[in-house]
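Below: one structure, written as structure tokens.
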Protein chains: 2
Amino acid sequence: MLKITKKVEYALIAIRHLQENQDNLVPVSDISASYGIPKEILAKTLQKLASSNIIESYKGPAGGYKITKKVAKITLNDFFEILEGPTAIMDCYFQDGCDHLNSCNIRTPINKINDSIRNLFNNLTLADISQ
Amino acid sequence: MLKITKKVEYALIAIRHLQENQDNLVPVSDISASYGIPKEILAKTLQKLASSNIIESYKGPAGGYKITKKVAKITLNDFFEILEGPTAIMDCYFQDGCDHLNSCNIRTPINKINDSIRNLFNNLTLADISQ
DNA sequence: ATATATGCGATAATAATTGTCGTATATAAT
DNA sequence: ATTATATACGACAATTATTATCGCATATAT
Ligand code: FES
Ligand code: FES
């Protein structure tokens, strides 16, 4: 439990790689080959990051991806939520219609813990992944 | 991603319930009925907690579970690890033989983040779940 | 034109989680 | 002694989430 997904892992690896190669356009195949990441899954992940303007994409030969300047300002929480939706250790942190809400005796403390975790991820940026 | 399991959710609900009923022995069926938790799965979870001496078990009629005094000192990290094994957002935090170790460019930052999360859970106890 | 690269939806394979069933053991009460 | 209640434990089934693959479309540099 409490695992990040491979999708996020791959994305973080890619972000760091792009940060270390800021001067070049890097195609997906380069990254997937370098780190042994399945190409298609990485491609779709980077597409999502591109549509969120975290990276820029260029099509065609000699095309690829490039990091944007704002990357250093993207928090880990934003990054996670772009790829995986709301960060919550239990669904009922966001979901309003929880069946057990009436009888539930742990909602408040769980939400506090969740706040702490979100706070942690809100105070880290993608720049912190490259150190 | 980053979800706790139902097993842990159920266990936390049970712990809080037992804390609120310290004077009685509470059978699994009471808790499972009160919160709509599948009985068998809760039973096995409480058995694990009993064998770790977090709660005490009494067999036979009028038997059930009872909280121990040391509960307030059990950290959430210990609790999680009893039920789900090592707390790690990625396997390679603990696992030594990661295939990607040579090429991996995010191990150090990921491990730092993991330390922060473990630190968070090490500074909360089961008593904090009952507030 | 052609080769290379991203963009996108559908679907398959795998793994993890969640839940069920059957049986054994202990014990209090009758 | 017998019965009813409760924990203890292992094997298995069902469900869900994650991970990976496939096919086709679009853009663009040469
Ligand atoms: S389980 Fe949803 S509110 Fe507690
Ligand atoms: S993926 Fe295992 S060390 Fe980075």
Side-chain angles (χ1 to χ4, degrees), chain A residues 1-14 18 24-33 35-68 80 83-86 88-91 95 99-100, chain B residues 1-11 13-14 18 24-33 35-67 80 83-86 88-91 95 99-100:
Chain A
M1 70 168 199
L2 292 171
K3 292 269 186 294
I4 62 170
T5 61
K6 293 281 179 193
K7 221 159 76 179
V8 167
E9 176 187 336
Y10 297 159
L12 290 172
I13 290 174
L18 291 177
N24 313 69
L25 284 180
V26 183
V28 174
S29 53
D30 270 24
I31 303 177
S32 88
Y35 303 96
I37 299 171
K39 187 182 166 186
E40 300 303 325
I41 208 172
L42 179 60
K44 255 188 292 199
T45 302
L46 295 189
Q47 281 158 31
K48 207 177 240 176
L49 296 182
S51 78
S52 303
N53 300 312
I54 289 183
I55 58 180
E56 284 176 340
S57 72
Y58 297 87
K59 287 184 174 178
Y65 289 99
K66 194 185 160 188
I67 213 131
T68 64
F80 290 166
L83 293 174
E84 300 289 350
I89 61 174
M90 268 176 61
D91 284 333
Q95 193 176 301
D99 290 350
H100 305 123
Chain B
M1 70 167 199
L2 292 169
K3 293 270 186 292
I4 62 171
T5 61
K6 294 282 178 192
K7 221 158 76 178
V8 167
E9 176 187 337
Y10 298 157
I13 290 174
L18 292 177
N24 313 68
L25 283 180
V26 184
V28 174
S29 52
D30 272 22
I31 304 178
S32 89
Y35 303 96
I37 299 171
K39 187 181 165 187
E40 301 304 325
I41 208 171
L42 179 59
K44 254 185 296 197
T45 302
L46 295 190
Q47 281 157 30
K48 207 177 240 176
L49 296 182
S51 79
S52 304
N53 301 312
I54 289 183
I55 59 180
E56 282 175 341
S57 73
Y58 297 87
K59 288 185 176 178
Y65 290 100
K66 194 185 160 187
I67 212 131
F80 290 166
L83 293 175
E84 301 287 351
I89 60 174
M90 268 177 61
D91 284 332
Q95 193 176 300
D99 290 349
H100 305 124

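Numbers restart at 1 for each chain; the letters A, B, ... are given by sequence-line order, proteins then strands.
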Handout entry: Phosphate-side-chain proximity, A:Tyr10 and D:dA20, N/O vs OP1/OP2 below 4.0 Å
Key = yes

Fill in the blank from the handout: Between A:Tyr65 and A:Ala43 the two heavy atoms that sit nearest each other are OH-O, 4.2 Å

Practice task
Give the rounded distance in Å between these two atoms: NZ of A:Lys7 and C1' of D:dT21.
Solution key: 15 Å

Practice task
For the side chain of A:Ser57, starting at C-beta, report the closest nucleotide among C:dG22, C:dT6, D:dA20.
Solution key: C:dT6

Handout entry: CG-CD1 distance between B:Leu49 and B:Ile55, expressed to the nearest 0.5 angstrom
Key = 5.0 Å

Fill in the blank from the handout: Considering only heavy side-chain atoms of A:Lys6, the closest of C:dG19, D:dT19, C:dA26 is D:dT19

Practice task
Let me know the distance between CG of A:Leu18 and C1' of C:dT6, rounded to the nearest Å.
Solution key: 14 Å

Practice task
Apply salt bridge (Lys or Arg N to Asp or Glu O under 4.0 Å) to A:Asp91 and list each qualifying residue two or more places apart in sequence or on a separate chain.
Solution key: B:Lys3

Completion exercise
Axis-to-axis angle for the helix from C:dA1-D:dT30 to C:dT30-D:dA1, ends of five pairs each, to 10°, equals 0°

Exercise for the section: Consider the side chain of B:Gln47, meaning its heavy atoms from C-beta on, and name the nucleotide among D:dT28, C:dT25, D:dC9 that approaches it most closely. Expected result: D:dC9

Practice task
Specify the residue among A:Gly60 and A:Thr5 whose closest nucleotide of DNA chain D lies further upstream toward the 5′ end.
Solution key: A:Thr5

Completion exercise
Note: for B:Lys44 and B:Pro27 on DNA chain D, the residue whose nearest nucleotide lies more 5' is B:Pro27

Problem - Closest nucleotide among C:dG22, C:dT27, C:dG19 to the B:Lys59 side chain - result: C:dT27

Practice task
Compute whether any side-chain donor of one residue and acceptor of the other, for A:Thr5 and A:Glu84, lie under 3.5 angstrom apart.
Solution key: yes

Fill in the blank from the handout: Taken to the nearest 0.5 Å, the spacing of B:Ile89 CD1 from A:Glu9 CD works out to 9.5 Å

Problem - Closest nucleotide among C:dG22, D:dA20, D:dT5 to the A:Ile41 side chain - result: D:dA20

Practice task
Take atom CD1 of A:Ile37 and atom C1' of D:dT21, then tell me their distance rounded to the nearest Å.
Solution key: 16 Å

Handout entry: Atom-to-atom span, NZ of B:Lys3 to P of C:dA15 - whole angstrom
Key = 22 Å

Practice task
Verify the contact: side-chain N or O of A:Tyr58 to OP1 or OP2 of D:dT26, cut-off strictly under 4.0 Å; return yes or no.
Solution key: no

Exercise for the section: Could you pull out the closest heavy-atom pair between B:Thr45 and B:Ile41, with the gap in Å? Expected result: OG1-O, 2.8 Å

Practice task
Grab the CG-C1' distance between B:Leu42 and C:dT20 for me, whole Å please.
Solution key: 15 Å

Practice task
Hey, which sits more toward the 5' end of DNA chain C by its nearest nucleotide, A:Ala62 or A:Met1?
Solution key: A:Ala62

Exercise for the section: Could you state the atom-to-atom distance from CD of A:Glu56 to P of C:dT6 in whole Å? Expected result: 14 Å

Exercise for the section: Might you point out which heavy atoms bring B:Leu25 and B:Gly64 nearest each other, and give the distance in Å? Expected result: CD2-O, 4.1 Å

